[in-house]
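Comments concern the structure below.
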Amino acid sequence: ALIGVARKNGKSELAAAIALYMQSSDEPKEHGAECLVAATKVEQSSIVLTAAASMVQQDPALRDCYLRYHNRLVCEPLESYFKTVTADKPYDGLGPHVVLLDEVHAWKKQHRNFFDTMKSGGGASRQPMLIMTAIPFGFMGAAFGHFLFGLEFALFSFFGVGGTDGPEEARARRDAG
């Protein structure tokens with residue numbers, strides 16, 4: 001899924017919520033599920049992990065299930081984890097259930113091998129999910145993202161493209177008549 005939402009409108013929080021659901025509540029449960037937050041920089045991947053950790057702390061059921069470590073959240077009953085990874089190291093051998101590719105508009109061609117590793121790693125999972133977040137530029141931004149990563153187009157690929165305006169842009173458009 002490619003999720004496009006305007007700046008500062010909750011892309012990271014939405015991705016964190018989907019990943020927590022997939023890791024802890026997806027049916028059938030994926031014992032030992034790996035949930036990876038992939039970004040080009042440690043700081044960026046940490047934003048999604050921090051959002052997920054905040055959600056865990058606010059929900060008693062999740063709080064009883066998860067433990068927070070430096071760069072990961074571990075769901076002990078399912079022996080699954082939520083971890084950050086960045087493009088600066090190879091990650092062959094992972095078998096992620098969910099991969100969140102955060103801020104893909106910032107990814108460059110040199111990140112292609114990293115993308116391919118993250119994409120192909122889900123083959124061992126029963127229901128793998130690949131989520132990409134981006135600041136969209138309307139239809140062209142979504143199309144460029146698919147072209148850059150060699151993905152096929154699907155109707156669901158453009159979920160969120162209609163929400164490309166942030167609050168400031170929507171107000172300006174409304175005021176302009």
Side-chain angles (χ1 to χ4, degrees), residues 1-108 110-135 145 148-149 151 159-160:
L2 173 63
I3 300 173
V5 179
R7 290 184 56 214
K8 304 297 178 198
N9 278 286
K11 285 184 302 300
S12 298
E13 290 78 6
L14 177 59
I18 292 170
L20 283 173
Y21 174 82
M22 291 291 293
Q23 184 183 21
S24 63
S25 303
D26 191 24
E27 290 294 336
K29 297 215 184 310
E30 186 94 17
H31 192 76
E34 298 176 10
C35 176
L36 304 177
V37 180
T40 60
K41 297 179 183 167
V42 172
E43 298 82 13
Q44 187 58 45
S45 63
S46 296
I47 292 170
V48 176
L49 182 69
T50 300
S54 177
M55 291 174 194
V56 164
Q57 286 305 309
Q58 294 175 43
D59 184 276
L62 292 177
R63 194 171 43 238
D64 291 343
C65 173
Y66 282 90
L67 291 175
R68 170 83 191 255
Y69 295 98
H70 172 67
N71 70 339
R72 67 177 60 202
L73 281 171
V74 177
C75 180
E76 288 194 320
L78 294 174
E79 297 179 2
S80 62
Y81 64 89
F82 192 119
K83 173 184 172 176
T84 61
V85 294
T86 56
D88 59 349
K89 294 191 253 184
Y91 288 97
D92 293 325
L94 294 175
H97 180 55
V98 179
V99 178
L100 306 169
L101 301 173
D102 201 26
E103 303 285 347
V104 294
H105 59 275
W107 292 42
K108 309 288 184 231
Q110 70 262 27
H111 301 119
R112 179 60 198 240
N113 288 340
F114 179 59
F115 171 81
D116 289 342
T117 300
M118 294 295 108
K119 181 180 161 189
S120 65
S125 179
R126 283 187 299 231
Q127 298 182 93
M129 180 179 272
L130 180 71
I131 302 169
M132 297 183 284
T133 67
I135 298 171
L148 179 65
F149 291 114
L151 300 174
F159 166 73

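These values consider heavy atoms only, across backbone and side chains, with no hydrogens, waters or symmetry-generated copies. Since the model is a prediction, treat every value here as computed from it, not as a measurement.
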If the test is side chain to side chain donor-acceptor pair (under 3.5 Å), which one of Thr84, Asp102, Thr86 qualifies with Gln44? Asp102

Which pairs would a plain distance check flag for residues 54-61, meaning a side-chain donor or acceptor within less than 3.5 Å of a matching protein atom at least two apart in sequence or in another chain?
unit_1, atom_1, unit_2, atom_2, d
Ser54, OG, Gln58, NE2, 2.9
Gln58, NE2, Ser54, O, 3.4
Asp59, OD1, Ala61, N, 3.0
Asp59, OD1, Leu62, N, 2.9

Show the numbers, then the answer: is there a side-chain contact (heavy atoms from CB on, under 4.5 Å) between Glu34 and Tyr81? CA-CA 5 Å; Glu34 298 176 10; Tyr81 64 89; 3.2 Å; yes

For a quick test of reading the model, state the closest non-hydrogen atom pair linking [X] to [Y] and the distance between them.
X: Ala39; Y: Ser45; result: CB-N, 3.7 Å
X: Ser12; Y: Ile47; result: OG-CG2, 3.6 Å
X: Leu73; Y: Ala53; result: CD1-N, 3.7 Å
X: Ala52; Y: Ala16; result: N-CB, 3.7 Å

Hey, could you give me the [atom1]/[atom2] distance between [X] and [Y], rounded to the nearest 0.5 Å?
X: Leu49; Y: Leu36; atom1: CG; atom2: CG; result: 11.5 Å
X: Leu78; Y: Cys65; atom1: CG; atom2: SG; result: 6.0 Å
X: Leu20; Y: Cys35; atom1: CG; atom2: SG; result: 7.0 Å
X: Ser46; Y: His70; atom1: OG; atom2: NE2; result: 7.0 Å
X: Met22; Y: Phe82; atom1: CE; atom2: CZ; result: 12.0 Å
X: Thr50; Y: Glu13; atom1: OG1; atom2: CD; result: 10.0 Å

Given Thr40 and Phe114, is the side-chain contact (heavy atoms from CB on, under 4.5 Å) satisfied, shown in steps? CA-CA 9 Å; Thr40 60; Phe114 179 59; over 6 Å; no

Note, Val98 side chain near Gln23 side chain (heavy atom, < 4.5 Å): no

